[in-house]
Amino acid sequence: MAPLLTMTGIKKHFGGVPALRNASLEIEPGEVHALIGQNGAGKSTLIKILTGLYRRDEGEVTFAGAPSHLSSPREAQNAGIATIYQELNLVPLRSVSENVVMGQEPKSFGFMINWPEAHKRTREILSRFGIEIDVTAPLGSYSTAIQQLVAIARAVSMDAKLVIMDEPTSSLDSSEVEILFGVVRELKSSGVSVLYVSHFLDELFQICDRVTIMRDGQTVGCREITDTSKLDLIAAMLGRNAKEIEAEGLTELAGGSAAFDEVVLAVDKVATGPRLSDFSMSLHRGEIVGLGGLLGSGRTEAARSIFGLDTLTSGTIRLKGKEFKPAEPSEAIRARIGFLTEDRKAEGIVPDMSVRENLTLALLPSLRRNGQIDRDREKELVDEFIRKLGIKTSHMDQPIRELSGGNQQKVLLARWLATKPDILILDEPTRGVDVGAKREIQAIIRTFVDEGHAVILISSEFEELVEGANRIVVMHEGKAVSELTNPGITENALVRALAHHEDATT
Amino acid sequence: MTSVTSEETMRTDYTSRLKDHGGLIALAVILVFNIIVTPNFLQTQTLAVNISQVATIAIVAMGMTLVIATGGIDLSVGAVMALSGALAPLIFLSDFGQAYPVLGLIAALLCPLLAALVCGLFNGIIVSVLKVQPIIATLILFISGRGIAQVLTNGNLQTFSNPEFSYLGTGKILGFPFQGWLALAIACLLFWVVNRTIFGRYLLAIGGNERAARLAGGPVRRVKIGAYVICSVLSGLAGLIVVAINSASDAARNGNLMELDAIAAAVVGGALLHGGKAPIFGAILGAVIIQLVKYTLLANGVEDEVALIAKAAIILAAVYIQQARKE
């Protein structure tokens with residue numbers, strides 16, 4: 001049988017930066033096909049090319065036997081490719097029926113919507129998936145799972161040949177996941193193909209036929225799910241040898257713990273919600289503690305809890321021995337904590353403001369003199385940090401949006417260093433910056449720690465954690481599950497620790 | 001290749017100049033047009049009339065600029081003008097105000113401003129604490145503020161004769177209307193606040209990227225409430241000026257449609273509706289342009305209704321230039 005979809009040699013650049021270098025994907029009719037890879041591996045870019053949101057620079061796409069040149073999501077939909085996004089694109093305040101038949105309403109007299117017919121059709125479609133609900137009720141009155149299923153039902157009703165599901169289970173509980181799997185199987189048995197994107201590897205083994213693995217913008221493998229193992233997939237995603245990971249003994253994890261005597265931060269059984277349910281760690285002066293874990297393991301939420309962004313529902317944080325319960329970031333900053341966020345654009349820079357204004361944003365309260373900002377001191381400080389961190393900017397009043405990613409990141413790092421923090425929380429400090437800037441940023445962090453301060457480091461780059469961190473707290477599903485201590489941590493040991501906890505939950 | 005590049009540079013130069021100085025160019029065009037066409041335009045009398053009329057728009061537009069800089073909008077400015085304007089005569093015409101004229105006058109100035117401040121607090125808290133969209137939040141006072149003013153005055157026109165109070169709208173310093181000087185003083189103060197104080201820096205940061213500002217320790221709520229309070233108090237002041245000019249308070253008409261004039265002036269002056277910019281003197285420029293267009297049409301015998309259409313055209317042009325700037 002000819003494949004339903006073939007994508008080969010797909011290349012895509014964004015302003016000179018390659019997002020896809022040589023990606024391919026092949027899906028058979030009636031197949032449930034998984035697409036996996038780390039963040040930034042190019043999964044979403046590939047999907048966006050498939051659904052017509054982006055145009056490919058190079059490569060061939062064949063869909064249902066014909067070359068495909070889709071240029072908008074609408075064309076993709078008409079061609080039979082339906083996408084169920086993480087954020088549902090439905091109208092919560094309108095009825096279930098309206099959402100399902102939207103755009104193809106049954107008409108009477110050619111212009112009036114035939115509601116009885118619409119409800120009947122919707123009930124039929126939903127009952128195919130074993131869902132019996134009041135279709136006249138507003139969609140928003142149902143759970144996320146039901147809404148997701150309605151989105152799928154809508155896709156199917158439009159004669160989709162391929163349904164793309166992007167992290168469909170990320171907001172579902174386990175019983176809802178079962179319902180979803182039922183729907184996926186139903187789709188499969190009626191000949192519809194499913195492209196299933198998920199970070200939860202266990203799920204793949206339950207419902208997928210084959211899996212395509214991406215890394216650094218390339219397709220690095222496509223396997224039958226029955227011929228592979230979770231360790232295999234993790235190794236392929238990370239570009240490591242599975243045998244090596246396997247051979248790495250647990251004994252090597254044991255190493256001498258360096259002598260740090262002064263505890264600056266002690267977090268005990270902290271919970272803030274479903275995504276952070278049991279987090280404990282300690283941090284000493286002069287120490288880097290890494291938070292390890294896969295996406296969604298609660299690393300960022302852990303950082304947010306310490307910085308006063310999420311309210312603690314249980315547990316305690318002690319800062320230099322005193323109980324610490326920040327309600328706002330400003331309180332954490334006053335307590336000399338800094339937080340370099342993961343999403344530079346959404347949570348870091350103020351794009352229209354200058355390098356100077358961005359750099360001193362967290363510092364403003366201490367720049368007050370006679371009711372106004374002490375401009376001389378501000379300029380002095382900014383000058384100093386531009387020199388010290390080697391920030392490449394034409395002048396300090398240049399808008400920060402004109403700087404490269406690496407230099408923006410240095411400005412944000414300087415924003416926190418300028419507040420003279422005792423503790424810096426760094427969430428993916430080197431993501432999206434080029435190799436040169438990456439090394440410089442790492443050196444800045446090293447100097448900061450050597451001066452007797454402490455760092456909590458979140459990074460998807462295992463080298464950074466393994467080489468930089470004195471200890472790594474491994475997180476899984478919102479819990480701190482184990483701790484590795486340097487010297488003695490190797491990348492493989494870390495990968496094993498992550499993989500084992502993945503296994504442990506199955 | 002070279003020619004293409006230079007041509008493109010020229011075009012960018014031209015458009016960026018238009019974007020940066022569009023307001024000044026428009027002002028120059030209107031002035032030249034008036035000098036040639038409008039009779040008696042180059043007279044101090046004409047200037048004084050225009051200044052006395054533009055001052056209220058400018059004062060409210062400056063407050064509006066601060067609110068817009070946070071990414072918000074304040075529809076209640078006209079209603080707040082009516083409310084504060086209604087309160088002042090009630091106070092100095094009261095028994096207390098008659099018995100103690102000086103105290104009555106002070107109270108007649110302070111109480112309305114205090115009432116305006118409370119209105120601003122109300123707007124600010126609804127927007128920043130309850131997180132209601134600004135356009136809805138300020139709609140509440142937009143509707144009820146004028147209602148309260150009319151209830152207070154039983155819907156009557158209140159006329160009075162109080163020269164001290166009327167100085168606010170009819171006084172002159174060096175031959176120019178008092179309220180013109182007042183607007184200028186406020187502009188200088190607000191310019192300093194926006195560009196030199198921590199409040200101003202936070203204001204722009206919150207408008208530019210609220211999440212980033214909060215993560216950097218910015219007091220988002222307090223700053224937003226501050227912006228709405230300043231805007232309301234300035235509106236209250238403008239309401240007093242209007243009442244002082246007319247020696248009469250008409251709650252139904254005072255500040256009517258002012259929200260539109262103020263928003264238009266702020267936008268023409270270069271405020272971005274998504275926030276992050278607070279061009280205070282731009283707001284004054286915008287107010288002057290709107291006032292001059294009104295005056296030009298009126299002085300040349302064009303009807304008031306047509307002036308409204310002209311105003312809309314100015315806003316359209318300003319928004320168009322803003323869109324171009326975004327790209």
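Side chains are part of it too, since the values below use all heavy atoms of this structure and drop only hydrogens, waters and symmetry mates. Letters go in sequence order (proteins before strands), and every chain restarts at 1.
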Asks: Taking atom CZ of R375(A) as the centre, does the number of heavy atoms from other residues, nucleotides or ligands within less than 6.0 Å exceed 12?
Replies: yes

Asks: Does atom CZ (F191(B)) have a neighbourhood of more than 12 heavy atoms from anything else shown, all under 6.0 Å?
Replies: no

Asks: With a 4.5 angstrom heavy-atom cut-off, could you sort out which part of R334(A) is near chain B: side chain, backbone, both or neither?
Replies: neither

Asks: Quick one: what part of L412(A) sits under 4.5 Å from any heavy atom of chain B, side chain, backbone, both or neither?
Replies: neither

Asks: Could you tell me which portion of I333(A) (side chain, backbone, both or neither) has an atom closer than 4.5 angstrom to a non-hydrogen atom of chain B?
Replies: side chain

Asks: Indicate the atoms forming the closest heavy-atom contact of S330(A) with G217(B), along with that distance.
Replies: CB-O, 3.5 Å

Asks: Can you pull out the residues in residues 350-358 of chain A with any heavy atom less than 4.5 Å from chain B?
Replies: V350(A), P351(A), D352(A), M353(A), R356(A), E357(A)

Asks: Taking atom CZ as the centre, does R222(B) end up with more than 12 heavy-atom neighbours from other residues, nucleotides or ligands that are less than 6.0 angstrom away?
Replies: no

Asks: Any idea which heavy atoms bring Y202(B) and P365(A) closest together, and the distance?
Replies: OH-CD, 3.4 Å

Asks: Go through L204(B), T197(B), I206(B), L215(B) and name the one with the most non-hydrogen pairs under 4.5 angstrom from chain A.
Replies: L215(B)

Asks: Pick one of side chain, backbone, both or neither for T419(A), based on which atoms fall under 4.5 Å of a heavy atom in chain B.
Replies: neither

Asks: Less than 4.5 Å apart, any side-chain heavy atom of R211(B) and any of T341(A)?
Replies: no

Asks: Would you indicate whether L110(B), at its atom CG, is surrounded by more than 12 heavy atoms from other residues, nucleotides or ligands within a distance under 6.0 Å?
Replies: yes

Asks: I'd like to know which of R415(A), K345(A), E378(A), E331(A) tops the heavy-atom pair count under 4.5 Å against chain B.
Replies: E378(A)

Asks: Highest number of heavy-atom pairs under 4.5 Å with chain B: which of L309(A), L367(A), D374(A), I373(A)?
Replies: I373(A)

